[in-house]
Amino acid sequence: GKGIEQSLEDFSVVSVSEETTSAVLAARESWRYRYFSRDTLEYVSEPYVVSYDTTYTLVASATGWVVDRVEATAEGEVE
């Protein structure tokens, strides 16, 4: 099988809508990733870069805001 190594390269907040017990945060994210073999731990792909438009739905808890749901739409093709 194969695994994925990924890192968040950029995160930009587009908008925030906050109510008393919930909030919605729209963001744009860029990720760099590549695949590796789980048997040999060697990389089996070149690095890829993909951007997403994301929407985070948060709910208020006793200790602060908690992510309840994430929706993401990729720009372009995800390998």
Side-chain angles (χ1 to χ4, degrees):
K2 59 182 181 175
I4 187 169
E5 174 189 80
Q6 57 189 0
S7 62
L8 181 62
E9 301 287 307
D10 186 55
F11 183 92
S12 301
V13 175
V14 175
S15 65
V16 177
S17 171
E18 184 179 338
E19 296 181 9
T20 305
T21 59
S22 66
V24 175
L25 183 143
R28 180 156 177 80
E29 304 177 13
S30 294
W31 290 83
R32 180 177 304 274
Y33 66 100
R34 60 184 169 175
Y35 296 102
F36 62 90
S37 165
R38 289 178 40 202
D39 296 326
T40 65
L41 301 181
E42 293 181 4
Y43 293 111
V44 295
S45 77
E46 296 298 316
Y48 300 106
V49 176
V50 66
S51 294
Y52 294 94
D53 289 323
T54 53
T55 302
Y56 291 84
T57 302
L58 300 101
V59 293
S61 74
T63 58
W65 293 102
V66 177
V67 175
D68 182 57
R69 184 175 66 241
V70 179
E71 297 175 27
T73 303
E75 282 194 2
E77 189 173 332
V78 177
E79 299 291 329

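Hydrogens, waters and symmetry mates play no part in the numbers below; they use all other heavy atoms, side chains included.
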Problem set entry | Polar contact flag, side-chain donor to acceptor under 3.5 angstrom, E19-S17 | no
Problem set entry | Joint hydrophobic cluster, L41 plus I4, side-chain heavy atoms closer than 4.5 Å | no
Exercise. Is it the case that one hydrophobic cluster holds both V66 and L25, taking links as side-chain heavy atoms less than 4.5 Å apart, direct or via other members?
Worked result: no
Problem set entry | Test item: T57 side-chain N/O and D68 main-chain N/O as donor-acceptor pair under 3.5 Å | no
For this session: Mind running side-chain contact (heavy atoms from CB on, under 4.5 Å) on V78 and Y52 for me, showing each step along the way?
Result: CA-CA 10 Å; V78 177; Y52 294 94; 3.8 Å; yes
Seminar exercise, completed: Between the CD atom in E71 and the OG1 atom in T54, the distance rounded to the nearest 0.5 Å is 10.0 Å
Exercise. What heavy-atom pair brings E46 and R34 nearest, and what distance separates the two atoms?
Worked result: O-CB, 3.7 Å
Exercise. Taking all atoms of both residues into account, what is the closest heavy-atom pair of G3 and R38, and its distance?
Worked result: N-CG, 3.7 Å
Exercise. If you look at every heavy atom in E75 and D53, which pair is closest and at what distance?
Worked result: OE2-OD2, 3.7 Å
Exercise. Is there a chain of hydrophobic side chains (I, L, V, M, F, W, Y, each step under 4.5 Å between heavy atoms) that links V49 to Y43?
Worked result: no
Problem set entry | Connected via hydrophobic side-chain network under 4.5 Å: V50 and V44 | yes
For this session: Measure the shortest side-chain to side-chain distance between Y56 and V13 over non-hydrogen atoms and say whether it is less than 4.5 angstrom.
Result: no
Exercise. Among the clusters formed by ILVMFWY side chains lying less than 4.5 Å apart, do V16 and L58 turn up in the same one?
Worked result: yes
Problem set entry | Y35-E79 side chain donor-acceptor pair, cut-off 3.5 Å | no
Exercise. Roughly how far apart are T21 OG1 and W65 CH2, rounded to 0.5 Å?
Worked result: 7.0 Å
Exercise. Roughly how far, to the nearest 0.5 Å, is the OG atom of S7 from the CH2 atom of W31?
Worked result: 7.5 Å
